[in-house]
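Here the structure comes first, spelled out in C-alpha coordinates, and everything after it is commentary.
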Amino acid sequence: MQPAKFHRAVDAAIRRRLSMGDNSLFTAALVRRMEREWRRRVRREGDPRTGDETYGYAHVEDQLSYISDRWCCGIRLRWLLDGLARGAI
(Lines give C-alpha, C1' and ligand atoms only; values in the text may rest on other atoms or scores of the structure.)
Protein backbone atom coordinates (compact mmCIF):
# COMPACT_ATOMS: atom_id res chain seq x y z
CA MET A 1 0.00 0.00 0.00
CA GLN A 2 1.40 3.35 -1.03
CA PRO A 3 1.96 5.93 1.76
CA ALA A 4 -0.77 8.29 0.55
CA LYS A 5 -3.27 5.44 0.25
CA PHE A 6 -2.29 4.21 3.72
CA HIS A 7 -2.86 7.65 5.23
CA ARG A 8 -6.25 7.96 3.53
CA ALA A 9 -7.26 4.49 4.73
CA VAL A 10 -6.36 5.21 8.37
CA ASP A 11 -8.04 8.62 8.23
CA ALA A 12 -11.20 7.07 6.77
CA ALA A 13 -11.22 4.30 9.41
CA ILE A 14 -10.86 6.82 12.24
CA ARG A 15 -13.57 9.10 10.80
CA ARG A 16 -15.94 6.15 10.40
CA ARG A 17 -15.30 5.02 13.97
CA LEU A 18 -15.95 8.54 15.27
CA SER A 19 -19.09 9.14 13.21
CA MET A 20 -20.69 5.70 13.22
CA GLY A 21 -18.99 3.75 15.99
CA ASP A 22 -17.97 1.19 13.39
CA ASN A 23 -14.49 -0.37 13.12
CA SER A 24 -15.11 -2.16 9.83
CA LEU A 25 -12.59 -0.04 7.92
CA PHE A 26 -9.83 -1.21 10.28
CA THR A 27 -9.38 -4.33 8.15
CA ALA A 28 -6.81 -7.01 8.89
CA ALA A 29 -4.68 -5.73 6.00
CA LEU A 30 -4.81 -2.16 7.30
CA VAL A 31 -3.89 -3.25 10.82
CA ARG A 32 -0.91 -5.22 9.45
CA ARG A 33 0.19 -2.12 7.53
CA MET A 34 -0.22 -0.04 10.69
CA GLU A 35 1.99 -2.52 12.57
CA ARG A 36 4.70 -2.26 9.90
CA GLU A 37 4.51 1.52 9.99
CA TRP A 38 4.69 1.50 13.80
CA ARG A 39 7.83 -0.66 13.72
CA ARG A 40 9.44 1.71 11.22
CA ARG A 41 8.52 4.78 13.24
CA VAL A 42 9.58 3.37 16.61
CA ARG A 43 13.05 2.64 15.22
CA ARG A 44 13.31 6.24 14.03
CA GLU A 45 11.59 7.94 16.98
CA GLY A 46 12.86 5.65 19.76
CA ASP A 47 9.59 5.76 21.74
CA PRO A 48 8.12 2.24 22.16
CA ARG A 49 5.51 3.11 24.81
CA THR A 50 2.21 1.24 24.79
CA GLY A 51 -1.25 2.73 24.48
CA ASP A 52 -1.76 2.47 28.23
CA GLU A 53 1.47 4.35 28.88
CA THR A 54 0.52 7.25 26.62
CA TYR A 55 -3.17 8.15 26.55
CA GLY A 56 -4.90 5.22 28.19
CA TYR A 57 -8.39 4.09 27.25
CA ALA A 58 -10.65 5.74 29.80
CA HIS A 59 -12.03 8.30 27.33
CA VAL A 60 -11.59 6.59 23.97
CA GLU A 61 -13.86 8.88 21.97
CA ASP A 62 -12.09 12.00 23.23
CA GLN A 63 -8.65 10.52 22.60
CA LEU A 64 -9.63 9.24 19.16
CA SER A 65 -10.99 12.64 18.24
CA TYR A 66 -7.77 14.26 19.50
CA ILE A 67 -5.44 12.02 17.49
CA SER A 68 -7.62 11.86 14.38
CA ASP A 69 -5.53 14.51 12.61
CA ARG A 70 -2.19 13.72 14.23
CA TRP A 71 -1.91 9.93 14.32
CA CYS A 72 1.28 9.82 12.20
CA CYS A 73 3.73 9.07 14.97
CA GLY A 74 4.72 5.86 16.66
CA ILE A 75 3.01 6.34 20.02
CA ARG A 76 -0.33 7.25 18.46
CA LEU A 77 -0.19 4.33 16.04
CA ARG A 78 0.58 2.07 19.01
CA TRP A 79 -2.39 3.55 20.90
CA LEU A 80 -4.66 2.73 17.95
CA LEU A 81 -3.26 -0.77 17.53
CA ASP A 82 -3.42 -1.62 21.24
CA GLY A 83 -6.96 -0.24 21.51
CA LEU A 84 -8.14 -2.24 18.52
CA ALA A 85 -6.49 -5.41 19.82
CA ARG A 86 -8.12 -5.16 23.24
CA GLY A 87 -11.52 -4.04 21.92
CA ALA A 88 -11.32 -0.61 23.52
CA ILE A 89 -11.65 1.18 20.19
Side-chain angles (χ1 to χ4, degrees):
M1 183 181 297
Q2 296 295 321
K5 185 176 179 180
F6 169 64
H7 284 262
R8 284 191 306 271
V10 174
D11 287 339
I14 290 171
R15 281 193 312 273
R16 182 163 182 121
R17 173 59 173 86
L18 284 170
S19 66
M20 302 179 77
D22 177 15
N23 285 339
S24 64
L25 294 182
F26 284 108
T27 63
L30 181 58
V31 170
R32 283 191 304 273
R33 178 62 169 87
M34 289 168 66
E35 286 282 355
R36 280 196 312 270
E37 184 66 18
W38 174 78
R39 284 191 297 275
R40 188 177 70 79
R41 289 180 183 269
V42 79
R43 280 191 303 268
R44 184 177 43 186
E45 296 166 6
D47 190 355
R49 291 180 289 170
T50 66
D52 287 316
E53 294 171 315
T54 55
Y55 300 105
Y57 296 95
H59 305 283
V60 170
E61 295 299 320
D62 292 338
Q63 296 300 341
L64 191 57
S65 180
Y66 171 73
I67 72 162
S68 65
D69 65 344
R70 55 181 69 83
W71 60 265
C72 297
C73 71
I75 61 171
R76 293 182 182 126
L77 274 171
R78 185 78 261 157
W79 183 84
L80 284 167
L81 290 164
D82 289 349
L84 289 166
R86 68 192 290 182
I89 295 176

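The structure presented is a predicted model; accordingly, all values stated were derived computationally and were not measured.
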Kindly write out the residues that satisfy side-chain contact (heavy atoms from CB on, under 4.5 Å) with Glu35, not counting sequence neighbours, or none if the list is empty.
Trp38, Arg39, Arg78, Leu81
By side-chain contact (heavy atoms from CB on, under 4.5 Å) - contacts of Ala29 (at least two apart):
Thr27, Arg32
Test of understanding: with side-chain hydrogen bond (donor to acceptor under 3.5 Å, both in side chains), list the residues that count as partners of [X], not counting sequence neighbours.
X     : result
Gln63 : none
Glu45 : none
Arg40 : Glu37

Do the side chains of Leu25 and Leu30 get nearer than 4.5 Å, heavy atoms only?
no
Contacts table for residues 5-16: side-chain donor-acceptor under 3.5 angstrom, sequence neighbours left out:
residue : atom : partner : partner atom : Å
Asp11   : OD1  : Trp71   : NE1          : 2.6
Arg16   : NE   : Asp22   : OD2          : 2.7
Arg16   : NH2  : Asp22   : OD2          : 2.9

What residues form a salt bridge (Lys or Arg N to Asp or Glu O under 4.0 Å) with Arg36, not counting sequence neighbours?
none
Just by distance, do the side chain of Asn23 and the backbone of Ile89 share a donor-acceptor pair under 3.5 Å?
yes
Kindly state each residue pair satisfying salt bridge (charged side-chain N to carboxylate O under 4.0 Å, His left out) with at least one member in residues 61-71, sequence neighbours excluded.
Arg17-Glu61
List the atom pairs, with distances to 0.1 Å, where a side-chain N or O of residues 51-59 and a protein N or O form a donor-acceptor pair under 3.5 Å, not counting sequence neighbours.
residue : atom : partner : partner atom : Å
Asp52   : OD1  : Arg86   : NH1          : 2.7
Asp52   : OD2  : Arg86   : NH1          : 2.9
Glu53   : OE1  : Thr50   : N            : 2.7
Glu53   : OE1  : Thr50   : OG1          : 3.3
Thr54   : OG1  : Thr50   : O            : 3.3
Thr54   : OG1  : Gly51   : O            : 3.2
Tyr55   : OH   : Arg76   : NE           : 2.7
Tyr55   : OH   : Arg76   : NH2          : 3.2
Tyr57   : OH   : Trp79   : O            : 2.7
Tyr57   : OH   : Gly83   : N            : 3.2

